[in-house]
Amino acid sequence: MERAWPFALSGLALLLSASSGLLSTEASEPAAPELPPHATRIVALGITADELVLALVGPERIVALDRFADDPDVSNVVEQARGVRQRVAVDVEQVLSTEPDLVLVPAWAGMELESGLHRFGVATVRVGNATSLEGIRENIRRVAAALDAVDTGDVLIARMDEAIDRARARTRDLPRPTVLLHAGSGYSPGAHTLFAGLIEAAGGRLLLAELGVEGLAPLSAEREMSLDPDVVIIDAYRADARFQDIAGMTSFALDRRFAHTRAVREGRVVPISARFLLTTTQHVAETVEELARALHPHDLSRGGPS
């Protein structure tokens, strides 16, 4: 049975609910409570919030995490999450039952979630949908400030940047293969996306970006075959033959229509864990390392950038 994926709402399309025009502005949009100076009952909703809060504060200040925090396919904080007992869905009643003083809300959540929490006097911080490395830095700074953990946030950013710079240094003089992400959804990222920045840092060239395609763009199988990139990156979960018919598309490496493409012929269709492809936090440093090894398997050791 196919599992419910957190990235069914993963920023590919953010659906925001409209307030009813029959309600007064004051009733439908309660004033947002002031942030507590030092929150001690924090709830994190969404994988991004989980990854940020666990890196910024100790588990003693966190009362609940998102229910996907324990899923090793999508979460980079499975071990750290064990220090927090409760799990909640993105639901006002479930969140309120934990008696939080601050809730980190994911970018894709409807505004009614925050409105519902504000009506009960609970402060919220909306975690942005980062589309660049600078967007990740801004998210870390914003959340760190809300959690009274500015210094820790600065350290987190510095470590992320140092790891990415090391990867860049190791791939700087290597050939830069063209890359395409086959997400199995009929869409693929182009220029001005986080994935484009990660591919550049890993020593590759995102093919759609070079062709002038911007953002997350529709990509048919026929168009994908005609582009013929050097390397195709696929979600490791979707690459599993048990799930090869997800979203109406078969896994790239298993689809005979792609047999003639260079990436298939040369064995350069590379599955990468969804937890690396989905993260929009400091863990992208690990994503860059994984991508660098995928793009330069004969030049980089399995130990990763040093």
Side-chain angles (χ1 to χ4, degrees), residues 11-12 130-136 163-239 247 249-280 284-302 304-305:
L12 305 186
T131 58
S132 65
L133 288 172
E134 182 54 35
I136 291 176
I164 291 174
D165 287 345
R166 286 196 300 270
R168 275 200 176 102
R170 292 192 68 189
T171 61
R172 185 171 294 126
D173 298 324
L174 299 177
R176 301 178 68 83
T178 57
V179 183
L180 192 71
L181 175 64
H182 176 87
S185 62
Y187 288 81
S188 191
H192 309 305
T193 62
L194 177 59
F195 190 71
L198 302 183
I199 287 295
E200 181 277 327
R205 296 177 291 136
L206 189 60
L207 188 51
L208 288 185
E210 293 203 338
L211 294 174
V213 177
E214 298 186 358
L216 194 70
L219 184 67
S220 67
E222 292 72 22
R223 172 67 168 153
E224 194 167 2
M225 285 185 286
S226 70
L227 293 175
D228 202 21
D230 297 318
V231 180
V232 173
I233 301 296
I234 56 176
D235 180 338
Y237 178 79
R238 293 180 184 275
M249 292 189 69
T250 55
S251 177
F252 191 99
L254 301 173
D255 192 327
R256 293 180 181 177
R257 292 176 297 173
F258 293 101
H260 71 282
T261 61
R262 177 168 36 205
V264 171
R265 292 198 318 269
E266 298 180 1
R268 304 200 71 185
V269 177
V270 186
I272 290 182
S273 172
R275 69 186 179 92
F276 294 124
L277 296 177
L278 292 175
T279 188
T280 56
V284 294
E286 300 165 57
T287 304
V288 170
E289 293 176 354
E290 284 292 306
L291 290 171
R293 286 191 288 265
L295 302 187
H296 307 283
H298 304 299
D299 298 292
L300 301 183
S301 70
R302 294 303 299 173

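Just so it is clear, the values below take in all heavy atoms, side chains as well, and ignore hydrogens, waters and symmetry mates.
Considering CG of L181 and OH of Y187, their distance stands at 14.5 Å, rounded to 0.5 Å. Taken from NE2 in H192 to OG in S132, the straight-line distance is 11.0 Å, to the nearest 0.5 Å. Note that the CG atom of D235 and the CZ atom of R275 stand 12.5 Å from one another [nearest 0.5 Å]. Of the inter-residue distances, the one linking S188 atom OG with E224 atom CD reads 6.5 Å to the nearest 0.5 angstrom.
R176 places a side-chain N or O within donor-acceptor distance of the main-chain N or O of E200, the cut-off being under 3.5 Å. Judged purely by atom type and a 3.5 angstrom limit, T193 uses its side chain to pair as donor or acceptor with the backbone of A196.
Counting heavy atoms from C-beta on, the side chains of L219 and V213 never come closer than 4.5 Å. Taking 4.5 Å as the limit, every side-chain heavy atom of P218 sits out of range of all side-chain heavy atoms of R223. In this structure, L227 and L208 have side chains that are in contact, with non-hydrogen atoms separated by less than 4.5 Å. In this structure, L194 and I136 have side chains that are in contact, with non-hydrogen atoms separated by less than 4.5 Å. The closest side-chain heavy-atom distance from P177 to H296 is below 4.5 Å. Between P229 and V179 the shortest side-chain heavy-atom distance does not fall below 4.5 Å.
Closest non-hydrogen pair, T280 versus A130, comes out as CG2-O, 4.1 Å. Closest heavy-atom contact between G190 and L206: O-CD2, 3.5 Å. Nearest heavy-atom pair across A167 and V288 is CB-CG1, 3.6 Å. Between A163 and E289, the closest heavy-atom pair is CB-OE2, 4.2 Å.
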Determine, step by step, whether I199 and R205 satisfy the side-chain contact (heavy atoms from CB on, under 4.5 Å) criterion, reporting the C-alpha distance in whole Å, the side-chain angles of both residues, the deciding distance to 0.1 Å, and the verdict. CA-CA 6 Å; I199 287 295; R205 296 177 291 136; 5.7 Å; no

- Task: List the steps, then state whether side-chain contact (heavy atoms from CB on, under 4.5 Å) holds for L198 with L133.
- Result: CA-CA 8 Å; L198 302 183; L133 288 172; 4.0 Å; yes

### Task
In sequence, state the C-alpha distance, the side-chain angles, and the governing distance for I272 and T287, and then conclude on side-chain contact (heavy atoms from CB on, under 4.5 Å).
CA-CA 9 Å; I272 290 182; T287 304; 5.8 Å; no

Intermediate values then yes/no, side-chain contact (heavy atoms from CB on, under 4.5 Å), L174 and L295:
CA-CA 10 Å; L174 299 177; L295 302 187; over 6 Å; no

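Of the candidates I233, V284, V270, L291 forms a side-chain contact (heavy atoms from CB on, under 4.5 Å) with just one, namely I233.
No side-chain donor from either of D228 and T261 sits under 3.5 Å from a side-chain acceptor of the other.
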